[in-house]
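Let me begin by presenting the structure, written as C-alpha cells, before commenting on it.
Throughout, numbering of the chain's residues begins at 1 and tracks the sequence. All values reported here derive from a predicted model rather than from experimental measurement.
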Amino acid sequence: MLTKQIVWKPKTLEEAWNIHDHLEPNSYCYVSGGTWLRTQWEANLRKMPPHLISLEQILAMSQIEEQIISGQRVITIGAATTLAECIKSPLLNKYLPTIVKACRHIAAMSIRNQATIGGNIYTAIGDSIPAFLIFDTQLQWYNGTEIEVESLEGWLFKLQANEFKRDKRILVGLRIEIDEQQLHEGFSFYMKVGRREAFTPSVVNLASKGFIDQTGVFRNVAIAAGGGAISAKRLSKAEWELEHQPFSIDRLKKVHKLIVEEHEAQTDAFATANYKKSVVANLITSELYRLSKGGDDDAFKSCV
C-alpha cells in the first residue's frame with residue numbers, strides 16, 4: 001500500500017515553525033536538498049514521515065553574504081545553499097577556499113547540485129565539517145522566536161552526549177568571522193581519503209590552519225578530523241603541542257603520536273580504526289612538514 005506524503009512549502013521561518021508546531025511529533029521532517037535523507041529512506045535506515053516541510057523557498061536560507069560588524073568581516077552561508085553554489089561563490093573562493101575545496105570533494109556533481117551545506121552539517125558526519133571546525137564556525141538556529149547562535153564544535157559535542165537526538169530548531173545558516181592575518185599570511189588545508197564519487201562517508205577527512213612565523217614557530221593552529229560514522233572534532237592535544245613552538249622533526253613526531261591517540265575512529269568494511277588513525281596522523285604531519293620546510297616531505301615520511 002502506498003503512503004501519501006504531504007509536502008509543505010513555507011516561505012518564511014515563522015511559517016515553517018507554525019506548520020511543525022501543529023503536527024504530531026515524529027510525523028514530519030525538514031528537507032531542502034534531501035540527498036542524505038533519500039539515502040536513509042531507500043536503505044530503510046529511517047522511515048519517511050507523512051509530512052515533509054521544504055525549506056527551499058525561504059530565500060534567506062540560500063544566500064552567501066558578507067558583512068562588516070564592528071570592524072570584523074563576517075561571512076554567512078545560508079543552510080539551504082547547495083554545495084555547487086558554495087563552490088562557485090566568489091566570496092567563499094576569496095575568503096574561505098579551504099571550505100570550497102571540502103565542498104568540491106563531496107560526492108558527484110549531480111549530488112552537489114542538490115545537496116545543501118546545512119544538510120551536510122546536520123548529518124553530524126558530513127565531509128565538510130572539519131573545514132568548518134578549524135574556522136570556529138557558529139551555527140545560526142531559529143527557535144520559534146529568534147535566531148540563536150551556537151558554536152559548531154559545541155553543538156557536535158552536545159549532540160553526541162544526547163545520543164544524536166536533535167531538537168526542533170531550524171538550522172538557518174553558518175557564520176564565520178574572517179581572520180585577515182590568517183587569510184594573507186597563514187596556511188590552511190583540507191584532505192579526504194575515500195570514494196569521492198560515491199555518496200558514502202569518507203574513510204577520513206581532515207583540515208588544519210595556522211601560521212608559521214619567520215622563526216619557524218607555529219601560531220593559532222587548528223586541527224580537525226573525522227570520517228566514517230564518527231563526528232569530526234578538533235584535535236586539541238595536537239594543537240597544544242604545536243602552539244607557540246618551533247618546528248622540529250621531534251615535535252612533529254610527538255604530534256603524530258598525539259593524533260593517533262586522540263583521533264576517534266571505528267573499524268568498518270573499508271578500513272580498520274588503527275589504519276584510519278595512522279592515515280590522519282601521516283597526512284597532517286606530512287603536510288605540516290612540507291609547509292615548514294617549503295619542500296618535499298619524503299624525509300619526514302621516512303621518519304614516521
Closest approach of Leu174 to Ala79 (non-hydrogen atoms, all atoms of both residues): CD1-CA, 4.5 Å
Please answer whether the main-chain N or O of Ile223 pairs with a side-chain N or O of Glu239 as donor and acceptor at a distance below 3.5 Å. yes
What closest approach, in Å, do Arg38 and Gly33 show between heavy atoms, and which atom pair accounts for it? NH1-O, 4.5 Å
Side chain to side chain contact (heavy atoms under 4.5 Å, CB included) for Ser128 and Tyr190? Distances and angles first, verdict last. CA-CA 9 Å; Ser128 71; Tyr190 172 88; over 6 Å; no
Partners passing side chain to side chain contact (heavy atoms under 4.5 Å, CB included) against Glu262 (at least two apart in sequence or in another chain): Lys233, Leu235, Ser236, Lys237, Ala238
Under 3.5 Å: donor-acceptor pair, side chain of Gln72, backbone of Ile178: yes
List, by chain and number, the other hydrophobic cluster members for Ile230, where Ile, Leu, Val, Met, Phe, Trp and Tyr join if side-chain heavy atoms come within less than 4.5 Å, directly or indirectly. none
So do Val217 and Ile212 actually touch side chain to side chain, heavy atoms under 4.5 Å? no
Hey, is CZ on Phe157 packed in by over 12 heavy atoms from elsewhere, all under 6.0 Å? no
Got a sec, which pairs hit ring pair (Phe, Tyr, Trp, His ring centres under 6.0 Å) with one end in residues 119-150, sequence neighbours left out? Trp17-Tyr142, Trp141-Trp155
Side-chain heavy-atom pair Cys29, Leu52 within 4.5 angstrom cut-off: yes
Between Glu56 and Lys9, is there a side-chain N and carboxylate O pair less than 4.0 Å apart? no
By side chain to side chain contact (heavy atoms under 4.5 Å, CB included), Lys47 pairs with (sequence neighbours left out) none
Would Thr116 and Thr81 count as a side chain to side chain contact (heavy atoms under 4.5 Å, CB included) here? Give the steps. CA-CA 5 Å; Thr116 65; Thr81 306; over 6 Å; no
Tyr275 OH: over 12 foreign heavy atoms closer than 6.0 Å: no
Are the side chains of Ile58 and Thr12 in touch, meaning some heavy atoms are under 4.5 Å apart? no
Please name the residue in the list Val193, Val203, Asn274, Leu206 that meets the side-chain contact (heavy atoms from CB on, under 4.5 Å) test with Val279. Val193
Taking the basic N atoms (NZ, or NE/NH1/NH2) and the acidic carboxylate oxygens, is any pair closer than 4.0 Å for Arg73 and Glu177? no
Backbone N or O of Ser89 within a donor-acceptor pair of the Asn93 side chain at under 3.5 Å? yes
Would a 4.5 Å heavy-atom cut-off, applied to side chains only, mark Asn162 and Lys158 as touching? no
Distance, nearest 0.5 Å, that separates CD1 of Ile64 from OH of Tyr95: 13.5 Å
Ser231 side chain to Ala124 main-chain N or O, any donor-acceptor pair under 3.5 Å? yes
Quick one: pull up CD1 in Ile77 and CG in Leu91 and give me the separation to the nearest 0.5 Å. 9.5 Å
Does this structure show an ion pair linking Asp136 with Lys209, if we count only N-O contacts that are shorter than 4.0 Å? no
Quick check against the 3.5 Å criterion: does Gln63 have a side-chain atom that pairs as donor or acceptor with the backbone of Ala60? no
Asp21 atom CG: more than 12 heavy-atom contacts under 6.0 Å: yes
If hydrophobic clusters are built from ILVMFWY residues whose side chains come within less than 4.5 Å, do Leu37 and Met48 share one? yes
For Ile68, the hydrophobic cluster (side chain heavy atoms closer than 4.5 Å, chained through members) also holds none
Rounded distance (nearest 0.5 Å) linking atom CG of Asn220 with atom CD1 of Ile134: 12.5 Å
Has Gln114 got a side-chain atom pairing as donor or acceptor with Thr82's backbone, closer than 3.5 angstrom? no
ring-ring contact (aromatic ring centres under 6.0 Å, His included) partners of Phe247, counting only residues at least two apart: Tyr289
Could you grab the distance from atom CE of Met191 to atom OG1 of Thr98, nearest 0.5 Å is fine? 11.0 Å
Shortest non-hydrogen contact between Thr123 and Asn120, atoms and distance: OG1-O, 2.8 Å
Would you indicate whether Glu24, at its atom CD, is surrounded by more than 12 heavy atoms from other residues, nucleotides or ligands within a distance under 6.0 Å? no
Ignoring hydrogens and angles, tell me if any N or O in the side chain of Thr137 forms a donor-acceptor pair with the backbone of Leu133 under 3.5 Å. no
Give me the atom names and distance for the closest heavy-atom approach of Ser54 to Pro10. O-CD, 3.1 Å
Is it true that Glu150 and Arg169 have a side-chain N and a carboxylate O under 4.0 angstrom from each other? yes
Do the charged groups of Lys277 and Glu261 touch, with an N to O distance under 4.0 Å? no
Determine whether Gln182 and Ser188 satisfy the following criterion, side chain to side chain contact (heavy atoms under 4.5 Å, CB included), listing intermediate values before the conclusion. CA-CA 9 Å; Gln182 166 69 44; Ser188 65; 4.2 Å; yes
For His256 and Asn282, does a side-chain donor sit closer than 3.5 Å to a side-chain acceptor? yes
Should Leu13 and Met61 count as side-chain neighbours, where that means a heavy-atom distance under 4.5 Å? yes
Any heavy-atom pair between the side chains of Phe218 and His244 that's under 4.5 Å? no
Minimum heavy-atom separation for Asn205 and Pro130, please, with both atom names. OD1-CG, 2.9 Å
Is Arg219 salt-bridged to Glu243, going by a charged N under 4.0 Å from an acidic O? no
So, are Arg290 and Glu287 salt-bridged, with charged N and O less than 4.0 Å apart? yes
Run Ile259 and Ile284 through side chain to side chain contact (heavy atoms under 4.5 Å, CB included) and show every step you take. CA-CA 9 Å; Ile259 292 173; Ile284 292 173; 3.8 Å; yes
Donor-acceptor pair, side chain of Thr267 and main chain of Ala273, under 3.5 angstrom: yes
Using 0.5 Å steps for rounding, measure from the NE2 atom of His105 to the CZ atom of Arg112. 9.0 Å
Are more than 12 heavy atoms, taken from residues, nucleotides or ligands other than Trp240, located less than 6.0 Å from that residue's CH2 atom? no
